[in-house]
2 protein chains.
Amino acid sequence: MKDIAKYTGLSLGTISKYINGGKVREKNRKLIDKAIRELDFKVNEMARGLKTNESKTIGIIIPSMKNYFCTHLMSYTEMYLSKFGYSVIICNYREDPKVEREKINLLMKKQVDGLIVVPSGETISEIQEIILKKIPVVLVDRILPDMQCDAVVVNNFDISKKVVETLVERGHKRIAIICGPKKVSTAKERLNGFLEMHKKYHLEVDEKLIKFGDYYMHSGFMLCKDLLSLENRPSAIFVTNYDMTLGVIQAINEANIKIPSDISVVGFDNLPIFKVIKPSLSIVSQPMKELGDYVAKLVIDRLNDPTIPTKVIKLEAEFIMKDSISTPN
Amino acid sequence: MKDIAKYTGLSLGTISKYINGGKVREKNRKLIDKAIRELDFKVNEMARGLKTNESKTIGIIIPSMKNYFCTHLMSYTEMYLSKFGYSVIICNYREDPKVEREKINLLMKKQVDGLIVVPSGETISEIQEIILKKIPVVLVDRILPDMQCDAVVVNNFDISKKVVETLVERGHKRIAIICGPKKVSTAKERLNGFLEMHKKYHLEVDEKLIKFGDYYMHSGFMLCKDLLSLENRPSAIFVTNYDMTLGVIQAINEANIKIPSDISVVGFDNLPIFKVIKPSLSIVSQPMKELGDYVAKLVIDRLNDPTIPTKVIKLEAEFIMKDSISTPN
DNA sequence: CTGAAAGCGCTAACAA
DNA sequence: TTGTTAGCGCTTTCAG
């Protein structure tokens, strides 16, 4: 910027003002523009940030870059934020709370203006501290107990009830569910919906049919194998995330069992896959774009006015019925 | 930091030195540590970066956050870089060269120490300029003509030859290929391998069997429908990326054609999927971890010594034969 | 509309 | 080992 001042004979103050949208004499405007082009000037955002105490950057923390749900979601969030002049630093903690803690720290050091996080559930106090510092935090997909901050989640309880109810109405009495980690609110809610429907229809709950996985394909595979080897195996399986759904299908294929004649399956997330798998899979579809957009909106709103009350946005998921459900024999 | 100085009665210089790994008297060390804890001090990386002229940040530019190949790859790169104290800003340009240009600019303003990019092929001059500024650039997956910089790619030509040769040996004479955009070096090389094998085996090349997609599922779907509606339709299809592979399978399913009895298919990327699709899909698998690690390694090496000659690392892909290939009737 | 000057939080060179 | 000081590139008063 100094070079531009020298080039144009104007002062630093004037250059700065112009760059930040201020008014200068037409003649000077041209001169500055020319200088910018010739010298290929780009503002140094670090210097600017140091001065303004704003990085114009939002930190995003997700469990894994290999998680379709997360990356997909964040692509919408990024798009929305960039319209408002914010860029994002996306960190993934590889499902490791220790790494999650490091990443939170890193982002604070980088002076992010806000934080978006899909939490492991083990870093409550760290996140609490950030909120205390008045830095906007938005929780995504999962909420944390007693956390006074914005959040965007889906109505897991209701959609889970709907899935289970549908299966029950089709005559299923032994329904298995493969949940996520117990620590994750989302997993708990999906399980609660499952239990609720069992209560409503006076169905016995067999503990053996309730499995907790780690959201990865392999755990879906292993847990499904467990289920299939039960002497009184379930007639339907409800899998509550995408990767575990793949694992379940793999296990079923390998066991040479047919969907849906031998077993019914309801999967989760990822529309494309059900177009490819035969028979086409019934799945729960989450409103990715809405989720992603809302997340961004909440951060921006709080950035603009830190005093607004915190909101928890709950969006509805959709149950898409396809051919992977039948009536048990 | 000033607060710590005040708290401990030491000078700024001493605090700074200690924080950056310098030696201080044992007594002071304890005092500083205590102050850091009490005041919950975190270095301001913006201020540090302004001073040191290093952001300890690498910019990553990929076509899309929805691209499994890219995000997966970058998760390895990030892991490797973070071991060396670098964090990453991942930008995606939604396949839009205009956005790509913006993101390149953004990252320069953010003073990234290096740039990793999966280029659209339309921003050659922008990237060229960065290299001129002596900022390390590593191209991934695709190379750009006359670009004097590091790159990591797979041996697309050879793996494509291998796939086509295998199909030819199985008796296929009408093989279709669905390539990526013509601008992309990787797409060209895969096509060249295809053509090379046709030459070697004196097979006629039918232009109608060569399709160019945009790497998205829908284009795979549409192009495959084209191929299937040909009056003399191919006996095998080679699809050269993951999403288009899904599209192809969808099209085949919808047309009620059987793999492999009616048509053979070879897909690309993404191991998990072939465990789930029946019959299991033959695919080309790229060495994701190696790719990601090498990318990071190249940046770090050049950061440490900017004078080393540029390298293009070419890794071998693997052709995994499964049940989706048969001999044509 | 323009210029001068202070200072954001930190590092690094030098002096003590 | 510790303290002092200048300055990184920018914004932002406050005068002019």
Side-chain angles (χ1 to χ4, degrees), chain A residues 1-36 38-57 85 87 105-113 133-135, chain B residues 1-36 38-57 85 87 105-113 133-135:
Chain A
M1 223 162 94
K2 234 192 253 171
D3 296 337
I4 296 190
K6 212 170 289 167
Y7 186 105
T8 57
L10 295 163
S11 79
L12 273 177
T14 309
I15 311 293
S16 171
K17 195 166 305 159
Y18 174 61
I19 285 173
N20 290 291
K23 290 208 183 322
V24 297
R25 242 191 281 275
E26 179 60 14
K27 188 184 66 181
N28 289 336
R29 193 185 61 71
K30 277 192 189 145
L31 204 57
I32 299 177
D33 277 342
K34 182 153 165 258
I36 290 180
E38 303 247 311
L39 303 172
D40 189 29
F41 169 79
K42 303 227 166 57
V43 262
N44 180 331
E45 298 275 5
M46 300 200 94
R48 174 184 280 174
L50 178 58
K51 182 68 194 177
T52 60
N53 222 0
E54 271 192 342
S55 61
K56 284 290 177 183
T57 301
S87 41
N105 249 299
L106 175 78
L107 291 175
M108 296 326 287
K109 291 198 294 185
K110 296 244 180 215
Q111 314 295 119
V112 294
D113 298 337
K133 284 183 192 142
K134 307 288 178 201
I135 295 172
Chain B
M1 221 160 95
K2 234 191 254 173
D3 296 338
I4 297 192
K6 211 170 290 169
Y7 186 104
T8 58
L10 294 163
S11 78
L12 271 177
T14 309
I15 311 293
S16 171
K17 196 167 302 158
Y18 174 62
I19 286 173
N20 289 291
K23 288 204 182 327
V24 297
R25 245 188 280 275
E26 178 61 13
K27 188 184 65 181
N28 290 335
R29 192 184 62 70
K30 277 192 189 146
L31 203 56
I32 299 177
D33 277 342
K34 183 154 164 260
I36 290 180
E38 304 247 313
L39 304 172
D40 189 28
F41 169 80
K42 303 227 167 57
V43 262
N44 181 329
E45 299 276 6
M46 300 199 94
R48 175 185 279 174
L50 178 58
K51 182 67 192 176
T52 60
N53 221 0
E54 272 191 340
S55 61
K56 284 289 177 184
T57 301
S87 40
N105 249 301
L106 174 77
L107 291 175
M108 296 326 286
K109 291 197 294 185
K110 295 242 180 219
Q111 314 294 120
V112 293
D113 298 337
K133 284 181 192 145
K134 306 288 178 204
I135 295 171

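Chain A is the first sequence line, chain B the second, and so forth, proteins listed ahead of strands; every chain is numbered from 1.
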- Message: Using OP1 and OP2 only, check whether a side-chain N or O of A:S16 sits under 4.0 Å from D:dT11.
- Response: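 For A:S16, the contact criterion (side-chain N or O under 4.0 Å from OP1 or OP2 of D:dT11) is met.
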- Message: Using OP1 and OP2 only, check whether a side-chain N or O of A:S11 sits under 4.0 Å from C:dT2.
- Response: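 The answer is no; no side-chain N or O of A:S11 sits under 4.0 Å from OP1 or OP2.
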- Could I get the full list of side-chain contact (heavy atoms from CB on, under 4.5 Å) partners for B:K42, not counting sequence neighbours?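 Only A:N105, A:M108, A:K109, A:K133, B:D40 meet the side-chain contact (heavy atoms from CB on, under 4.5 Å) criterion with B:K42.
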- Hey, which of these two, A:R48 or B:T14, hits DNA chain D nearer its 5' end, going by closest nucleotide?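 Taking each residue's closest nucleotide, the earlier one in sequence belongs to B:T14.
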Listed pairs, N/O of protein and of nucleotides 6-8 of chain C, under 3.5 Å:
{"from": "C:dG7", "atom 1": "N2", "to": "A:K51", "atom 2": "NZ", "distance (Å)": "3.0"}
{"from": "C:dG7", "atom 1": "N3", "to": "A:K51", "atom 2": "NZ", "distance (Å)": "3.2"}

- Message: With rounding to the nearest 0.5 angstrom, report the OH to NZ distance, A:Y7 to A:K34.
- Response: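 Here the rounded value is 3.5 Å.
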- Mind checking the CE-CG spacing from B:M1 to B:L39? Nearest 0.5 Å is all I need.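 Taking CE in B:M1 and CG in B:L39, the distance rounds to 13.0 Å.
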- Checking all strands, does A:Y18 fall into the base, sugar-phosphate, or nothing category for heavy-atom contacts under 4.0 angstrom?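 Counting heavy atoms under 4.0 Å across all strands, no contact is made by A:Y18.
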- Message: Students often get this wrong, so: under 4.0 angstrom with heavy atoms, is B:I19 touching a base, only sugar-phosphate, or nothing?
- Response: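 Since no nucleic acid heavy atom lies under 4.0 Å of B:I19, the category is nothing.
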Produce the list of close N/O pairs, under 3.5 Å, pairing protein atoms with atoms of nucleotides 14-16 of chain D; give distances to one decimal.
none

Indicate whether the side chain of [X] and that of [Y] have a donor and an acceptor atom separated by less than 3.5 Å.
| X | Y | answer |
| --- | --- | --- |
| B:S87 | B:K56 | no |
| A:T57 | B:K110 | yes |
| A:Y18 | A:D33 | yes |

Pairs under 3.5 angstrom only: tabulate donor-acceptor contacts from the side chains of residues 44-51 of chain B to other protein residues two or more places apart or in another chain.
{"from": "B:N44", "atom 1": "OD1", "to": "B:M46", "atom 2": "N", "distance (Å)": "2.8"}
{"from": "B:N44", "atom 1": "OD1", "to": "B:A47", "atom 2": "N", "distance (Å)": "3.1"}
{"from": "B:R48", "atom 1": "NH2", "to": "B:N20", "atom 2": "OD1", "distance (Å)": "3.4"}

- What residues in residues 22-32 of chain A put a non-hydrogen atom under 4.0 Å from any atom of DNA chain C?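 Close to the strand are A:K23, A:V24, A:R25, A:N28.
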- Query: For B:Q111 and D:dG9, what is the distance between atoms CD and P respectively, to the nearest whole Å?
  - Reply: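 Distance check: B:Q111 CD to D:dG9 P gives 9 Å.
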- Message: Between the opening five pairs and the closing five pairs of the helix from C:dC1-D:dG16 to C:dA16-D:dT1, how far apart are the helix axes, to 10°?
- Response: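 It works out to 30° between the end axes.
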